[in-house]
Number of protein chains: 2
Amino acid sequence: MPGDEKTQEAGGMTDNLEKKLEELCKEKGMRVTEQRRIILKILSDSPDHPNAEELHRRVVRLAPSISIATVYRTMNTLESYGLIERHIFADGRARYEAGGSEHHDHLVNVETDEIIEFRCDEIEELQKKIADEHGFDIVGHRFEIYVRAKKRR
Amino acid sequence: MPGDEKTQEAGGMTDNLEKKLEELCKEKGMRVTEQRRIILKILSDSPDHPNAEELHRRVVRLAPSISIATVYRTMNTLESYGLIERHIFADGRARYEAGGSEHHDHLVNVETDEIIEFRCDEIEELQKKIADEHGFDIVGHRFEIYVRAKKRR
DNA sequence: ATCACTATTGCGACTCACTCTCAATTATTG
DNA sequence: CAATAATTGAGAGTGAGTCGCAATAGTGAT
């Protein structure tokens with residue numbers, strides 16, 4: 001089905017990110033290793049926000065010799081160049097998300113551990129206002145709402 | 001200066017919290033130990049949000065034999081009964097705050113590590129709305145804005 | 001294709017914040 | 001004051017993540 005640009009299925013974002021990885025590496029004199037390519041691909045195919053262990057579990061299915069240390073290292077370098085995002089929710093462990101999507105915050109379902117992304121421009125605005133009123137510039141923020149399914153009645 | 005109820009200086013909240021500690025202990029069959037009293041007093045006299053190590057440092061000045069394990073344990077039990085609050089900001093370590101003050105979120109000055117509390121009812125409302133729209137009840141939230149002093153120009 | 005160069009990897013040792021175990025201590029109740 | 005059991009201090013243990021190092025493998029030049 002050539003020319004069918006609308007498909008967003010498996011591997012959707014991947015090519016895009018793989019290209020970015022290559023650019024980044026060239027630019028920074030880093031190497032495009034199998035490990036980096038695979039780890040980034042698997043992360044970008046993950047619709048959830050896996051932690052290092054879970055990500056490693058998925059990576060190993062495809063390339064058994066990749067160590068978890070490499071997963072950690074890859075997340076660190078790629079995060080520092082903005083290719084992926086790291087979040088730390090209430091359980092204290094880092095979870096990762098392929099970059100590229102527009103900014104959003106998270107609902108965390110405490111019963112299922114599921115993460116739901118949301119975006120609220122009013123809140124973004126209010127933040128800016130608050131920081132501004134206190135004489136600050138914003139360098140970042142963290143916003144999570146911990147929730148559970150509404151009790152029907 | 002008897003009758004001068006306005007003074008909010010050293011020990012302001014303390015008597016209040018010490019009473020709560022005693023009530024809590026009686027109610028739960030826990031003991032009102034020197035350690036608990038001192039740790040809670042020192043925390044409630046701390047205008048900042050010390051982590052366990054810093055809190056322990058302050059505690060030890062008054063009672064050198066109190067161990068850091070006891071600080072951790074005390075924070076855990078008191079938090080579980082709502083007498084204090086635990087926050088984990090970007091550095092990943094727990095920081096503590098004596099309870100009793102009304103709900104607020106935090107600005108974190110990334111340059112000085114200073115914590116500034118703020119409260120924004122609009123944001124609280126928006127949160128509820130967001131959770132509601134997704135079919136959830138809120139069980140908690142975390143909201144921090146990381147900032148730095150505005151660059152004057 | 002081969003080489004030289006050096007970034008990256010896998011491994012296991014290590015760190016750091018925090019928790020647990022356990023014998024000794026001490027608050028509480030009678 | 002004695003009996004009871006919660007609490008403590010000390011140090012060992014835990015778990016996520018980092019680090020040092022020898023072996024491996026991208027990369028650009030030949």
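By convention in this document, chain letters (A, B, ...) are assigned in the order of the sequence lines, proteins followed by strands, and residues within each chain are numbered from 1. These figures come from a predicted structure and were not determined experimentally. Values reported hereafter were calculated over all heavy atoms of this structure, with side chains retained and with hydrogens, waters and symmetry mates removed.
Heavy atoms of B:R73 sit under 4.0 angstrom from at least one base atom. Here A:N51 lies out of heavy-atom contact (under 4.0 Å) with every strand. At the heavy-atom level, B:I66 lies under 4.0 Å from the strands shown only through sugar-phosphate atoms.
Computed from coordinates, the B:I68 CD1 to D:dG13 C1' distance equals 16 Å when rounded to whole Å. Distance, A:E53 CD to D:dT14 C1': 14 Å, rounded to whole Å. The distance from atom CD1 of B:I38 to atom C1' of D:dT7 is 14 Å, rounded to the nearest whole Å. Per the geometry, NZ belonging to A:K26 stands 12 Å off C1' belonging to D:dG26, to the nearest Å. Going from atom CZ of B:R37 over to atom P of D:dA6 covers 19 Å, rounded to whole Å. As a whole-Å value, the separation of B:H56 NE2 from D:dA10 C1' is 12 Å. Atom CZ of A:R93 is separated from atom C1' of D:dG15 by 8 Å (rounded to the nearest Å). Remark: P of D:dT18 and CG of B:D91 are 14 Å apart, rounded to the nearest angstrom.
The side chain of A:Y72 places an N or O atom within less than 4.0 Å of a non-bridging phosphate oxygen (OP1 or OP2) of D:dG17. The side chain of A:Q35 contributes no N or O atom lying less than 4.0 Å from OP1 or OP2 of D:dA25. At least one side-chain nitrogen or oxygen of A:N76 sits closer than 4.0 Å to the OP1 or OP2 atom of D:dT18.
Sequence order on DNA chain C of the closest nucleotides to B:V32 and B:A94 puts B:A94 first from the 5' end. Comparing B:G29 and B:S65 along DNA chain D, the residue whose closest nucleotide (by nearest heavy atom) sits nearer the 5' end is B:G29.
Judged purely by distance below 3.5 Å, without hydrogens or angles, the side chains of A:E144 and A:H106 never pair a donor atom with an acceptor atom. For the residue pair A:E117 and A:H49, a side-chain donor N or O sits within less than 3.5 Å of a side-chain acceptor on the partner.
On the nucleic acid side, DNA chain C contacts chain B at distances under 4.0 Å to non-hydrogen atoms, with the end points of that region at C:dA17 to C:dT28.
A salt bridge links A:R58 to A:D48: at least one charged side-chain nitrogen sits closer than 4.0 Å to a carboxylate oxygen.
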Could you please spell out the steps behind the salt bridge (charged side-chain N to carboxylate O under 4.0 Å, His left out) verdict for B:K20 and B:E23? CA-CA 5 Å; B:K20 278 199 178 176; B:E23 284 168 30; over 6 Å; no
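Side-chain N or O atoms of B:T74 include one that pairs as donor or acceptor with a backbone N or O of B:T70 at under 3.5 Å.
Classified by interplanar angle (parallel below 30°, tilted 30° to 60°, perpendicular above 60°), the ring pair B:F143/A:F143 is tilted. Using cut-offs of 30° and 60° for the angle between ring planes, the A:H104 and A:H87 rings count as tilted.
With D:dG17, D:dT7, D:dA25 as the choices, the nucleotide that has an atom nearest any side-chain atom of A:R31 turns out to be D:dA25.
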